[in-house]
Structure formats: C-alpha cells, structure tokens
Protein chains: 2
Amino acid sequence: MSPRIGLDLPALLHAATEIADSQGIEAVTLASLAQKLQIRSPSLYNHINGLPDLRRQLALRGLELLADQLSREVEGRSGDDAVRAFCAAYLNFARAHPGLYEAIQRAPEPEDKLLQQAGGAVVDQVIRTMAGYGLEGDAAIHAVRAIRSLLHGFVSLERQGGFGMPLDLDVTFQLMVETFLAGVKAMRDGGAST
Amino acid sequence: MSPRIGLDLPALLHAATEIADSQGIEAVTLASLAQKLQIRSPSLYNHINGLPDLRRQLALRGLELLADQLSREVEGRSGDDAVRAFCAAYLNFARAHPGLYEAIQRAPEPEDKLLQQAGGAVVDQVIRTMAGYGLEGDAAIHAVRAIRSLLHGFVSLERQGGFGMPLDLDVTFQLMVETFLAGVKAMRDGGAST
DNA sequence: TTGCCAAAACTAATGATATTAGTTATTATA
DNA sequence: TATAATAACTAATATCATTAGTTTTGGCAA
C-alpha cells in the first residue's frame, strides 16, 4: 500500500543519531530504527549493509561533525587560547552528542580506510592546535597523546557518571586543562621539580 | 547422564573472564559461556540471574581485583613515588585484563550498592595516594578527577588502538604522568606562567 | 502519453540469542 | 535409607539480524 516513503541514508542516520543520543548506542538496533521510521526492518537493507554498517556510518558521521566543530572553534586562535578552545569544543561535542561519541569509540576494523581518515582529521586538529608550542618531534607526539587521553578520559567518566562528588565538573575540567598546560611548560622549560 | 558437573559461581566467572579478556566483553554471552563450560545455557540460571547479572558480577570481580592490585603496589610508598606506582599498576591491570576492564566501564545502574562500594574502594585508593600532596579540599578532588581522567583515557585509547604512531607508548605514559605531577606542583605553588 | 525498469518497500523464512517453565537426576543430610 | 534441595536437563517462546524472493511505485525514454 505504501512503498516509497522517501527514506534515504541521511534520514536514516538522523533517526539513528536520535536513538543513540537519547538511549545509548546499544539501543540502536535495526528493530528500533525500523520502528522509529515506520518501516519493516528488512527494508533498511536497501540503504545500509546491516547493523555493523549502520554503526560504522554513525561513527563516520560523528567524526566528521566533531572535526568540523573543533576546527571551527580553534580557527583564528593560537597558543594557550587555542588549546582551551579546543578542549571546550571537544567537551561540548561529547555532551551534546553522547550517542555519536559512543559510536566513535567503537572503531573495530583497523583496516577501514574511511574511518581511519576521519579519525585522522580529528587527530590532525589536535596536532595543529598543539603545534608551535615549543614541542618538537617525539615530544609533540607524546603531548598530543596526553591531551587526547585527558579529554577522552574525562568525557567518558563524566558520561558514565563516574564522578561521584557533587563538585562542579566544569571547574574540574578548566583546572585540568590549565594543569596540563602548566605541566607541559614545566617539562619543556626544565626537568622535574620538587 | 551427567547432571552435577560441579560448577559454581567462581568457576563461571573464571570462564567468563577468559572469554572477556580474549575476545572482549561483547563476546561474553550465555551461549558462549555455556559452550565453554559444556552445559546448556538455561543451566546457567542456577548460578546467575541472566546476562546483565553475569556482566555485573564480572564488573564486581574486576573492581575487587583492581583495588587489590592498586593497594598492593602503593603500599609503603608516598609522594611522587606512590603516584607513579599507582599509575603503573593501573596500566598493568588494564593491559592484563582488558575484558574485565571493559566490564568495569559498563556500570549502568547508579543505585547498585555493591557496585558503588567496589568502585568507591578504587577511588579511595586514588584519594589516599594523592593525599599529603599539599592539596586540600576541592583542589584535591579536582586533582583526583584529573588523574582518573588521564589514566582511563590513556588505557581506553590504547586498548582500542587509538594511538596510530609507532612511538613507544610506555614512554608516553611515563612522560604523561610526570607532566601531570609537574603541572600539579606548578598549579599548587603559584598561578599560571607563560 | 505510455510503458518499462530500477529502487524501495514488502512478506516469509531461518538461525542465533535470552529467557521461562517444567522435568529429572544426584547429592547431601536427616 | 529416605527425602529434600540443587543443578543439570528439555521444550517452548519472544526478539533480533539477516537472506530470499515479491510487489509496487516513480521517473525516464520511446
């Protein structure tokens, strides 16, 4: 009675994103998505290649969106200011799109070219932001890894309610970033102190 | 022909841990566990209360083991040395038990008393380790949150292969911890520098 | 304008999973 | 030795992903 509803991949991903952001990536199933779209689940195969493919597409969409927002916020800034803006943008994305953020973490296939590339774009943005910071070569790579760890760790713990104390998390975040910057400078300008 | 094989909860969790550590927490299903134990999956209900309960038990087991190893390594140390030992022990646990570590992160029910308590034991260990560091009140809480973020972020990114460059990860980890310590001292002993 | 074809929906069917209900056999204990 | 609790079992159901094959529709070419 009603073939041709007019679905396409973007519409699918939009609906899947809503499910992921509101109920978690686990809740994104072909059954739940089909129900939300008012179609039968086998019909989804006209647009995607099964559940793993759907989640992969979500991860791609998430990475693109993240890279986009990061570069937009960092643009025109430099030094500490750029790092602060970068960190804030990263946190904001994770809070605004918890489901997409979750999807990004599920990068299984290391040989997936497109996913690698999309992830690379985000990492490149970190590298650009941290560049011109007086760090060269290996030291720069270590610093980039450190800030990625810091950001991802905070975001993950916050999302899963890992921080018990009722102390303002935004303050923690700000302080954490400043501590990191202070540490980088201390390490750069000399050895360890007491 | 063969009821009474002699299974009990510890044996179950041991087998489930092996699956989780070798194939990931996703691979821990009642079907896979039953197959490994040579029984039919409904028989598992004599020991556990379904799949969610099994994963919860795994998380509990993981938290206990982690708290145990952390306190063992930190014992007798203090100051920077204690922090370094703590971080190393945390990393070692995550590497040795990737499946258990994964299980820990899946803490869904915030009202689960036992899980809260087990998680609290780990956090308390962080607090004890960071204590006597010249940080008081809120500052101490922020510092604890920061180091948890750092450790969890690094461990997660490493596990999912998030670090692309073929640069020694152990070096990054060491450096990261030292940078954190330097940052904490810089923040404690004065404001921001240039 | 008409007819055809590709695309997008569908139904039907299969296999895997978790879970429940009810059954049987064994072990421990009274 | 008899019995009761326990730990295995079989049978059955519901949900999910996936495949195969079918129908309908909308656009495009003759």
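Below, chain A is the first sequence line, B the second, and so on; all start at residue 1.
- Per the geometry, CG belonging to A:Asp53 stands 16 Å off C1' belonging to D:dT19, to the nearest Å.
- Atom CG in B:Asp8 sits roughly 15 Å away from atom C1' in C:dT27 (whole-Å rounding).
- No more than 12 heavy atoms of other residues, nucleotides or ligands sit less than 6.0 Å from atom CZ of B:Arg40.
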Could you please spell out the steps behind the side-chain contact (heavy atoms from CB on, under 4.5 Å) verdict for A:Val126 and A:Tyr90? CA-CA 10 Å; A:Val126 189; A:Tyr90 192 99; over 6 Å; no
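- Regarding contacts with the backbone of D:dA8, a side-chain N or O of B:His47 is found under 4.0 angstrom from either OP1 or OP2.
- Using a 4.0 Å cut-off on heavy atoms, none of the residues of residues 9-18 of chain B approach DNA chain D.
- Cluster annotation: B:Leu91 is not connected to B:Val171 through the hydrophobic network of ILVMFWY side chains, with a link wherever side-chain heavy atoms come within less than 4.5 Å.
- Between B:Phe154 and B:Phe173, the ring centre distance stays below 6.0 Å.
- Put simply, the side chain of A:Asn46 and the base of C:dA7 share no donor and acceptor less than 3.5 Å apart.
- Between B:Leu13 and B:Leu54, the closest side-chain pair of non-hydrogen atoms falls below 4.5 Å.
- Put simply, CD1 on B:Ile39 is 14 Å from C1' on D:dT10, counting in whole angstrom units.
- Residue B:Arg40 has no polar side-chain atom (N or O) positioned under 4.0 Å from OP1 or OP2 of D:dA8.
- For the pair B:Arg145/A:Leu169, a side-chain contact is recorded, criterion being any heavy-atom separation below 4.5 Å from C-beta on.
- Residues satisfying the side-chain contact (heavy atoms from CB on, under 4.5 Å) criterion with B:Gln35, sequence neighbours excluded, are absent altogether.
- Applying the 6.0 Å contact sphere to CD of A:Gln69 captures more than 12 heavy atoms from other residues, nucleotides or ligands.
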Protein-nucleotides 16-20 of chain C N/O pairs under 3.5 Å:
from	atom 1	to	atom 2	distance (Å)
C:dA18	OP1	B:Leu30	N	2.9
C:dA18	OP2	B:Leu30	N	3.3
C:dA18	OP2	B:Ala31	N	2.8
C:dT19	OP2	B:Tyr45	OH	2.7
C:dT19	OP2	B:Leu51	N	2.8
C:dT19	O5'	B:Tyr45	OH	2.8

